[in-house]
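Here's the structure we're looking at; comments come further down.
Note: hydrogens, waters and symmetry copies are ignored here, and every other heavy atom, side chains too, is used.
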Amino acid sequence: MTWIDVSQPLHADVTTWPGDTKFSYEIAWPMAQSGSVNVGKVTMSLHVGTHIDAPFHFDDHGKRVINLDPSLYIGPARVIHLPHKSKIEASDLDGHDLTGVERLILKTDGWPDKRVFPETIPELTPSLADRLGELGIFLIGLDLPSVDAIDSKEMSAHHALARNGVHILEGLVLDDILPGDYDLNAVPLPIVEGDGSPVRALLRPM
């Protein structure tokens, strides 16, 4: 089976969190000057498009990207569909057999047009984070720009997930992905001081 790209393409119009650094690309050293190659330069927030959050993003004492085990983001993953939610609670996992699942991806349909930054999104609750920890799930991925509400300052979902040892993958494009089991590859860049990292997230049906 072939890999399916579930990441947002990076270009000048990719949606950015309001006030954050937009994505831009330019040829900083064109072939006409170098004599042999074009060399590009990228400017962007580490949280543009599909990306992971390192704990340092919301905790001054948290781990940075370089300290995260890449194997967190490679391996079997379960996709489940939880549409039409304003909040995602532990009880929303009832009826889903998550035995042995370590990486869980939530298809929420809560950000239907990724060309526009959403005003509201389904937020993950601390009860969900606690359930994930009890189940032994160490990675949560979702088709939203954040695990918290857009206007959250407390970042309660981020902190609750971290307390339960659950890492975060945000901004996935899951429109054409059916619930089921997949291989996931969404490894972050080795950014030494990074509070996050863009990823090219790929799924392959198992």
Flag the pair Leu142 / Leu172 as yes when at least one side-chain heavy-atom distance between them is below 4.5 Å, and no otherwise. no

Walk me through it: do Leu161 and Ile140 pass the test side chain to side chain contact (heavy atoms under 4.5 Å, CB included)? CA-CA 9 Å; Leu161 290 166; Ile140 187 73; 4.1 Å; yes

For the backbone of Ile177 and the side chain of Lys107, can you confirm whether one donor and one acceptor N or O come within less than 3.5 Å of each other? yes

I need the minimum non-hydrogen distance between Gly62 and Phe56, along with the two atoms involved. O-CB, 3.6 Å

If I take atom CG from residue Leu106 and atom CG from residue Leu174, how far apart are they, to the nearest 0.5 angstrom? 9.0 Å

If you draw a 6.0 Å radius around NZ in Lys63, do more than 12 non-hydrogen atoms from other residues or ligands fall strictly inside? no

Considering only residues two or more places apart or on different chains, which pairs with a residue in residues 127-143 satisfy side-chain hydrogen bond (donor to acceptor under 3.5 Å, both in side chains)? Glu89-Ser127, Asp94-Arg131, Thr108-Asp143, Thr125-Ser127, Asp130-Asn164

Note, Leu184 side chain near Leu139 side chain (heavy atom, < 4.5 Å): yes

hydrophobic_cluster_shared for Val101 and Leu132, side chain cutoff 4.5 Å: yes

From CA spacing to verdict: side chain to side chain contact (heavy atoms under 4.5 Å, CB included), Ile150, Glu119: CA-CA 7 Å; Ile150 295 297; Glu119 294 183 3; over 6 Å; no

Classify the side-chain pair Thr99/Asp97 by whether it contains a donor and acceptor separated by less than 3.5 Å. yes

Side chains of Asp109 and His81 only: does a donor on one sit below 3.5 Å from an acceptor on the other? yes

CG-CD1 distance between Leu98 and Ile80, expressed to the nearest 0.5 angstrom: 5.5 Å

His96 meets the side-chain hydrogen bond (donor to acceptor under 3.5 Å, both in side chains) criterion, sequence neighbours left out, with none

Got Asp53 and Leu169 here, is their nearest side-chain heavy-atom distance under 4.5 Å? no

Ring pair (Phe, Tyr, Trp, His ring centres under 6.0 Å) partners of residues 164-204, not counting sequence neighbours, each pair once: none

Once you round to the nearest 0.5 Å, how far does CD1 of Ile27 lie from NZ of Lys41? 12.5 Å

Rounded to the nearest 0.5 Å, how far does CE of Met44 lie from NE2 of His51? 9.5 Å

Heavy atoms, side chains only, cut-off 4.5 Å: are Val65 and Ile52 in contact? yes

Taking the side chain as every heavy atom from C-beta outward, state whether Arg78 and Ile105 have any pair of such atoms under 4.5 Å apart. no

Would a single hydrophobic cluster contain both Leu82 and Ile168, if residues Ile, Leu, Val, Met, Phe, Trp and Tyr are joined by side-chain heavy-atom contacts under 4.5 Å? yes

Could you tell me which non-hydrogen atom of Pro112 sits nearest to which non-hydrogen atom of Asp175, and how far apart they are? O-OD2, 4.3 Å

Validation row: Glu170, Thr50 side chains within 4.5 angstrom (heavy atoms): no

Got a sec, which pairs hit side-chain hydrogen bond (donor to acceptor under 3.5 Å, both in side chains) with one end in residues 11-37, sequence neighbours left out? Asp20-Ser45

Look up atom CG in Leu124 and atom CD1 in Ile88, then write down how far apart they are to the nearest 0.5 Å. 5.0 Å

Check: Pro122 and Lys87 side chains under 4.5 Å, non-hydrogen atoms: no

By side-chain hydrogen bond (donor to acceptor under 3.5 Å, both in side chains), which residues pair with Asn67, not counting sequence neighbours? none

All heavy atoms of His158 vs all of Ser146, minimum pair found to be CE1-OG, 3.4 Å

Would you give the length of the straight line joining atom CZ of Phe138 to atom CG of Asp69, rounded to the nearest 0.5 angstrom? 8.5 Å

Could you go step by step and tell me if Leu68 and Tyr73 meet the side chain to side chain contact (heavy atoms under 4.5 Å, CB included) rule? CA-CA 10 Å; Leu68 301 176; Tyr73 310 97; 3.4 Å; yes

Quick check on the hydrophobic clustering: are Val147 and Trp111 connected, directly or via other members, by side-chain heavy-atom contacts under 4.5 Å? yes

Verdict with reasoning, His159 to Asp59, per side-chain hydrogen bond (donor to acceptor under 3.5 Å, both in side chains): CA-CA 8 Å; His159 288 286; Asp59 178 357; 5.6 Å; no

May I ask you to test the Pro145-Ile121 pair for a side-chain heavy-atom distance under 4.5 Å? yes

Side-chain polar contacts of residues 190-206 - donor-acceptor pairs under 3.5 angstrom, sequence neighbours left out - could you list them?
from, atom 1, to, atom 2, distance (Å)
Glu193, OE1, Arg64, NH1, 2.9
Asp195, OD2, His47, NE2, 2.5
Asp195, OD2, His57, ND1, 3.1
Ser197, OG, Leu189, N, 2.9
Arg200, NE, Asp5, OD2, 2.8
Arg200, NH2, Asp5, OD2, 2.9
Arg204, NH2, Asp183, OD2, 3.4

Under the criterion side chain to side chain contact (heavy atoms under 4.5 Å, CB included), I'd like the reasoning laid out for Trp3 against Asn185: C-alpha separation, chi angles, the key distance, then a yes or no. CA-CA 9 Å; Trp3 289 95; Asn185 190 325; 4.2 Å; yes

